[in-house]
Peer 1: 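Before we start, here is the structure in question, set down as structure tokens.
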2 protein chains.
Amino acid sequence: MQLPSIRQLTFLIALADKGSFIAAADSVFVTQPSLSAGLKELETILGAKLVERGRKGVKFTPAGKEALSRARTIIAAAIELKDGVRAAAEPLTGTFRLGIIPTIAPFLSPDAVPALKKQYPKLRLYLREEQTARLIEGLRDHELDAAILALPYEANGIETMPLADDEFLFIAPKNHELAIKNPLKPEDIDISNILLLEDGHCLRDHAIKVCGASGLGTEEVRATSLFTLVQMVAGGMGVSLIPKLAIDAGIGLDGVSVRHFSPPIIGRQIGLAWRKGSSRISEAKTLANVLCKQFDKKLIE
Amino acid sequence: MQLPSIRQLTFLIALADKGSFIAAADSVFVTQPSLSAGLKELETILGAKLVERGRKGVKFTPAGKEALSRARTIIAAAIELKDGVRAAAEPLTGTFRLGIIPTIAPFLSPDAVPALKKQYPKLRLYLREEQTARLIEGLRDHELDAAILALPYEANGIETMPLADDEFLFIAPKNHELAIKNPLKPEDIDISNILLLEDGHCLRDHAIKVCGASGLGTEEVRATSLFTLVQMVAGGMGVSLIPKLAIDAGIGLDGVSVRHFSPPIIGRQIGLAWRKGSSRISEAKTLANVLCKQFDKKLIE
DNA sequence: CATTTCAATAGATTTTATCTATATAACTTA
DNA sequence: TAAGTTATATAGATAAAATCTATTGAAATG
């Protein structure tokens with residue numbers, strides 16, 4: 001069976017993007033008759049008229065729109081194939097762009113990045129610290145090769161795998177009543193007294209979920225990072241949750257009491273995310289393995 | 001940027017499938033030197049060695065495996081493009097293969113098929129009545145273009161959309177104690193007395209879920225269809241659930257009492273499923289719309 | 001109604017793909 | 001170990017295709 005060629009599909013896409021044969025021909029560096037012939041051939045192969053050649057721009061038929069949409073995914077796949085082969089041929093060389101959420105990045109990178117550099121000397125690791133939504137955007141726009149964030153995260157075209165579990169601990173000002181209560185349950189926390197990160201941090205959402213979703217309307221102060229959050233707690237402004245990862249990484253805990261909650265353990269799952277079909281999936285997973293060990297060093301003391 | 005050609009990718013796939021240059025060349029109807037040259041060109045374009053030419057068969061490098069896997073999806077997509085264009089050019093002509101689960105098929109087809117035939121005279125609708133698992137297989141193997149089944153159904157590479165809701169009604173022998181109880185709740189049903197379809201029917205699983213999952217070990221009799229199920233109930237062997245769809249379609253109800261459960265309404269959602277990337281998605285959705293109206297005629301009396 | 005604009009066509013030319021024939025390399029076997 | 005066998009690579013010729021230039025045709029514009 002005669003299949004359309006990659007070249008013909010690029011012609012079709014160029015035509016759709018430019019709106020005219022001449023402009024499209026220019027954009028793919030051929031003459032107009034070449035492009036005309038290529039598209040005619042494509043229509044013959046597919047057995048259907050794809051574009052109506054009107055005087056004011058071309059108009060795609062339903063068949064043409066169908067072909068166009070599928071052509072775009074095929075061309076994208078062909079590009080990914082090429083990139084994927086390069087990545088498979090010499091894995092973990094060149095630039096790898098990794099996004100990390102702000103409640104993990106400061107506590108992970110100092111240890112993990114040198115470890116990676118050591119293991120993969122040719123790797124140029126570029127890190128971007130942003131909130132989950134931005135990271136997903138970055139993956140979609142091919143600006144990131146992978147991202148580290150909190151699971152579960154469901155999104156179209158994004159795939160994930162778990163890396164490690166991160167327990168939430170309770171922090172309060174020294175001498176706070178809950179600093180000695182036993183057993184300590186998330187429900188014990190006075191909701192009006194809890195300090196949270198500003199909007200957009202997934203850790204904020206986790207904390208809200210853990211402490212009961214409702215009735216949390218009136219907080220006026222929100223921290224911009226876990227560092228300031230701890231300082232605010234130390235300053236007596238309230239209590240909060242903090243991931244064990246941050247503590248193990250040595251976040252300053254002067255002036256606060258830190259306590260585990262009574263079982264069951266509450267926490268978040270840290271995971272790796274990548275764009276489906278990405279050319280660097282296997283590299284991402286290799287990196288994930290190294291990072292995973294890095295986590296374990298911290299999380300299992 | 002120079003992309004690999006469709007032809008080169010078919011060469012690579014043929015080589016993987018046949019294991020030698022000569023056999024692969026045969027299978028794509030070119031001579032061995034042509035295939036050799038094509039693959040060499042592909043390796044140049046991708047900038048990596050894809051296969052090790054050993055004496056006993058060829059061996060794919062990691063880069064080659066990466067390329068191969070992606071090449072297969074690209075070729076599959078190219079075929080789907082071609083089919084999709086044909087379908088878009090003259091929708092709902094030719095053969096359309098639709099699978100339907102057994103607890104829907106008998107009650108839907110008599111009305112729906114003539115309606116579809118009338119609306120799309122050129123359509124040759126081929127129907128296959130099988131349980132959900134088989135239908136999904138059929139979709140995956142390209143033996144079916146779409147399927148009607150009960151949602152939710154999650155499966156890799158399968159997409160769905162809802163068509164209609166189908167209420168479950170209670171049936172019991174005439175004069176059964178539950179035939180007059182008010183209000184009537186699913187929990188009221190004596191679990192040891194309930195009749196179910198044989199294994200594999202999703203309706204069986206739905207019924208089990210509705211009446212409480214546990215403690216349902218000892219049923220000895222299982223019906224092979226809703227028709228026999230009703231007859232067994234009429235024969236005093238027990239009680240059961242039956243979808244409203246079947247009743248509206250005129251399943252014989254002599255000798256049984258039929259009752260709605262007290263709110264909330266329990267039931268199943270009927271939906272359409274298709275293979276992701278299928279060339280006939282839009283046709284399937286068009287069909288679904290017609291079928292949906294067909295459902296509505298029945299379900300909203 | 002001439003002019004402009006854009007796509008289609010014709011014919012020449014270049015490039016690419018494929019073929020036949022042969023060389024080369026790695027293993028087998030006598 | 002030398003001849004035979006099998007599999008891929010290479011060379012050169014040939015066929016097929018893609019592309020180019022030049023031109024035509026058709027629709028819109030002033």
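All values below come from the heavy atoms of this structure, side chains included, with hydrogens, waters and symmetry mates left out. Just so we're on the same page: letters track the sequence lines, and every chain starts at 1.
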Peer 1: In whole angstrom, give the distance that lies between atom CD1 of Ile6(B) and atom C1' of dA17(C).
Peer 2: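 From Ile6(B) CD1 to dA17(C) C1': 17 Å.
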Peer 1: Ile13(B) and Leu68(B): side-chain contact (heavy atoms from CB on, under 4.5 Å), yes or no, with the steps?
Peer 2: CA-CA 6 Å; Ile13(B) 292 170; Leu68(B) 176 63; 4.0 Å; yes
Peer 1: Gln32(B) side chain: which of dA7(C), dA9(D), dA17(C) is closest?
Peer 2: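 Of the candidates, dA9(D) comes closest.
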Peer 1: So which heavy atom on Pro4(B) is nearest to which on Ile6(A), and how close?
Peer 2: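 Shortest heavy-atom contact: O-CG1, 3.4 Å.
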Peer 1: Less than 4.0 angstrom between a side-chain N/O of Ser34(A) and OP1 or OP2 of dC20(D), yes or no?
Peer 2: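 Checking Ser34(A) against dC20(D): at least one side-chain N or O falls below 4.0 Å of OP1 or OP2.
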Peer 1: Does any residue of residues 9-21 of chain A have a heavy atom under 4.0 Å from DNA chain C, and if so, which ones, in number order?
Peer 2: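 Hits under 4.0 Å, by residue number: Ser20(A), Phe21(A).
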Peer 1: Using a cut-off of strictly less than 4.0 Å, decide whether Arg7(B) has a side-chain nitrogen or oxygen near OP1 or OP2 of dA17(C).
Peer 2: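 Arg7(B) to dA17(C) OP1/OP2: no side-chain N or O under 4.0 Å.
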Peer 1: Would you please test Leu15(B) and Leu50(B) for side-chain contact (heavy atoms from CB on, under 4.5 Å) and show each step?
Peer 2: CA-CA 11 Å; Leu15(B) 181 61; Leu50(B) 301 178; over 6 Å; no
Peer 1: When the distance from CZ of Arg53(A) to C1' of dA7(C) is rounded to whole Å, what number comes out?
Peer 2: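 Going from Arg53(A) (CZ) to dA7(C) (C1'), I get 8 Å.
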Peer 1: Round to a whole Å and report the spacing from CD of Glu52(B) to P of dA26(C).
Peer 2: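 Rounded to whole Å, this separation is 13 Å.
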Peer 1: Would you find a donor on one side and an acceptor on the other, under 3.5 Å apart, between the side chain of Glu80(A) and the backbone of Ser279(A)?
Peer 2: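 It does hold such a pair.
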Peer 1: Tell me every residue that passes side chain to side chain contact (heavy atoms under 4.5 Å, CB included) with Glu41(A), counting only those two or more places apart in sequence or in another chain.
Peer 2: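 Partners of Glu41(A) under the side chain to side chain contact (heavy atoms under 4.5 Å, CB included) test: Gln2(A), Gln8(A), Ile45(A).
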Peer 1: In residues 35-42 of chain A, which residues come under 4.0 Å of DNA chain C by heavy atom?
Peer 2: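 Hits under 4.0 Å, by residue number: Ser36(A), Lys40(A).
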Peer 1: Please name the residue in the list Arg128(A), Glu130(A), Arg134(A) that meets the side chain to side chain contact (heavy atoms under 4.5 Å, CB included) test with Leu144(A).
Peer 2: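 Only one of Arg128(A), Glu130(A), Arg134(A) forms a side chain to side chain contact (heavy atoms under 4.5 Å, CB included) with Leu144(A), namely Arg128(A).
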Peer 1: Could you list the protein-to-nucleotides 10-16 of chain C atom pairs, N/O on both sides, closer than 3.5 Å?
Peer 2:
none

Peer 1: Write down the distance between CZ (Phe29(B)) and C1' (dA16(D)), rounded to a whole number of angstrom.
Peer 2: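 It works out to 19 Å between those atoms.
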Peer 1: How many whole angstroms separate atom CG of Asp26(A) from atom P of dT19(D)?
Peer 2: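 So the CG-P distance, Asp26(A) to dT19(D), works out to 15 Å.
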Peer 1: Give every residue pair that meets the side-chain hydrogen bond (donor to acceptor under 3.5 Å, both in side chains) criterion with at least one member in residues 13-24 of chain B, sequence neighbours excluded.
Peer 2: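 Every side-chain hydrogen bond (donor to acceptor under 3.5 Å, both in side chains) pair that includes a residue of residues 13-24 of chain B, provided the two are not neighbours, is Asp17(B)-Arg72(B).
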Peer 1: With a 3.5 Å distance limit and no angle check, can you tell me whether Arg97(B) reaches the backbone of His142(B) through a side-chain donor-acceptor pair?
Peer 2: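 Side chain of Arg97(B) to backbone of His142(B), a donor-acceptor pair under 3.5 Å: yes, one is there.
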Peer 1: Measure across Lys82(A) and Leu46(B) and return the closest heavy-atom pair with its distance rounded to 0.1 Å.
Peer 2: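 Of all heavy-atom pairs spanning Lys82(A) and Leu46(B), the closest is CG-CD2, 3.7 Å.
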Peer 1: Got a sec, which residues hit side chain to side chain contact (heavy atoms under 4.5 Å, CB included) with Ala273(B), two or more places apart in sequence or on another chain?
Peer 2: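 Partners of Ala273(B) by the side chain to side chain contact (heavy atoms under 4.5 Å, CB included) criterion, ordered by chain and then number, come out as Leu139(B), Leu149(B), Ile158(B), Thr160(B).
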Peer 1: Does the Ser36(A) side chain pair with the main chain of Pro33(A), one donor and one acceptor, at a distance under 3.5 Å?
Peer 2: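 Side chain of Ser36(A) to backbone of Pro33(A): no pair is present.
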